Q: 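This is the structure I want to talk about, given as structure tokens.
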Amino acid sequence: MFGLASSLSACTEQSAQAELPFAPDYRGVETRLLDGDLVNFHVAMRGARDAKDVDDYARCVAAQYALIRGYGFARHLRTTVNEEGGLWQGDAVYTISPALPRGLKTIDAETVASACAENGIPMV
């Protein structure tokens, strides 16, 4: 019987967490041009549900940056995410290009920027 009560308690805690509203607090971005088309983005936010929210924020910033520079595409190279004391930080590197780059992790900057605007994710 104790096992059943523990299981039910865990389910109640998980459903309560799932019901909490997503209220991100985007804390800004630092952009560094590393070399020609290679760009590093440092993003910070509070209220992220997990590392994917931080990755999405960096992706939105990369898309808008590509558009500002007159490019239509970006390719994701890497993102590292850390969380400490509720502050989530992402360190992402993308290449930007005027034509669709080779690789699997490419983004169409206009499409991604539009989706970010619809979802309330700020960009550069």
Side-chain angles (χ1 to χ4, degrees):
M1 186 144 192
F2 177 72
L4 179 60
S6 295
S7 295
L8 291 175
S9 174
C11 289
T12 303
E13 289 175 22
Q14 288 176 348
S15 65
Q17 289 175 348
E19 293 174 14
L20 292 175
F22 177 49
D25 178 14
Y26 299 99
R27 296 293 181 106
V29 60
E30 181 181 322
T31 303
R32 293 185 195 146
L33 183 60
L34 300 175
D35 182 38
D37 63 350
L38 189 63
V39 188
N40 181 221
F41 303 101
H42 288 264
V43 297
M45 68 183 292
R46 291 192 176 276
R49 296 168 290 202
D50 54 33
K52 184 180 179 322
D53 290 333
V54 181
D55 190 50
D56 288 346
Y57 183 23
R59 181 181 166 117
C60 290
V61 169
Q64 185 64 31
Y65 183 85
L67 292 173
I68 288 170
R69 301 280 297 193
Y71 296 108
F73 300 92
R75 182 170 59 103
H76 178 251
L77 298 178
R78 69 151 175 85
T79 300
T80 57
V81 177
N82 295 304
E83 184 272 330
E84 186 174 319
L87 179 65
W88 291 79
Q89 297 183 20
D91 178 5
V93 177
Y94 283 81
T95 60
I96 56 173
S97 63
L100 184 63
R102 296 175 68 154
L104 298 176
K105 295 183 177 185
T106 60
I107 62 173
D108 178 314
E110 285 187 30
T111 302
V112 171
S114 177
C116 295
E118 288 176 19
N119 291 305
I121 302 173
M123 296 171 273
V124 178

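Remember, it's a predicted structure, so these values are computed and weren't measured experimentally.
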Q: Considering all heavy atoms of both residues, which atom of Ala113 and which atom of Met123 are nearest to each other, and what is their separation?
A: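 Heavy atoms of Ala113 and Met123 come nearest at O-CE, 3.6 Å.
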Q: Under a 4.0 Å threshold between the charged nitrogen and the carboxylate oxygen, would Asp55 count as salt-bridged to Arg59?
A: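 Looking at Arg59 and Asp55, the cut-off is not met.
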Q: Applying salt bridge (charged side-chain N to carboxylate O under 4.0 Å, His left out), can you list everything that pairs with Arg49, at least two apart in sequence or on another chain?
A: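 Expected list: Asp53.
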Q: Linking Ile, Leu, Val, Met, Phe, Trp and Tyr by side-chain heavy atoms under 4.5 Å, what else ends up with Leu100?
A: Phe73
Q: Does Asp50 reach the main-chain N or O of Lys52 with its side chain, forming a donor-acceptor pair under 3.5 Å?
A: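 Yes; judged by distance alone, with no hydrogens or angles, the pair exists.
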Q: Which pair of non-hydrogen atoms, one from Arg75 and one from Pro101, has the smallest distance, and what is that distance?
A: CB-CG, 3.8 Å
Q: List, by chain and then residue number, the residues other than Val93 in its hydrophobic cluster (Ile/Leu/Val/Met/Phe/Trp/Tyr, side-chain heavy atoms under 4.5 Å); write none if there are no others.
A: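 In the cluster with Val93 are Leu34, Leu38, Leu77.
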Q: I want to check something: taking the side chain as every heavy atom from C-beta on, are Leu33 and Arg69 in contact at a cut-off of under 4.5 Å?
A: yes
Q: Sort and list the pairs that fulfil salt bridge (charged side-chain N to carboxylate O under 4.0 Å, His left out) and have at least one residue in residues 84-100, not counting sequence neighbours.
A: Arg78-Asp91
Q: Just verifying a value: how many Å separate Asp35 CG and Thr95 OG1, rounded to the nearest 0.5 Å?
A: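 So the gap between those two atoms works out to 11.5 Å.
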Q: If you round to the nearest 0.5 Å, how far is OG1 of Thr31 from OH of Tyr94?
A: 12.0 Å
Q: Given the rule that I, L, V, M, F, W and Y join up when any side-chain heavy atoms are under 4.5 Å apart, are Tyr65 and Val112 in one cluster?
A: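 As far as the 4.5 Å side-chain criterion goes, Val112 and Tyr65 are connected within one cluster.
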Q: Apply side-chain contact (heavy atoms from CB on, under 4.5 Å) to Arg46 and Arg27, showing your working.
A: CA-CA 7 Å; Arg46 291 192 176 276; Arg27 296 293 181 106; 3.3 Å; yes
Q: Assigning hydrophobic clusters by single linkage (Ile, Leu, Val, Met, Phe, Trp, Tyr; side-chain heavy-atom cutoff under 4.5 Å), is Leu67 placed with Phe41?
A: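 Shared cluster, no.
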Q: Quick one: closest heavy-atom pair of Leu87 and Ala44, and the distance?
A: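 Between these two residues, the closest heavy atoms are CD1-CB, 4.2 Å.
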Q: Test of understanding: with salt bridge (charged side-chain N to carboxylate O under 4.0 Å, His left out), list the residues that count as partners of Asp37, not counting sequence neighbours.
A: none
Q: Between Met45 and Val81, is there shared hydrophobic-cluster membership here, with clusters defined by ILVMFWY side-chain heavy atoms closer than 4.5 Å?
A: yes
Q: Does anything in residues 105-115 form a salt bridge (charged side-chain N to carboxylate O under 4.0 Å, His left out)? List the pairs, not counting sequence neighbours.
A: none
Q: Could you tell me whether the side chain of Tyr57 reaches within less than 4.5 Å of the side chain of Pro122, counting heavy atoms only?
A: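 Heavy-atom side-chain distance check passes, below 4.5 Å.
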Q: Testing the basics here: between Gly47 and Phe22, what is the closest heavy-atom pair and its distance to 0.1 Å?
A: O-CE1, 3.4 Å
Q: Hey, any chance Ile121 and Val43 share a hydrophobic cluster, counting ILVMFWY side chains that come within less than 4.5 Å of each other, even indirectly?
A: yes
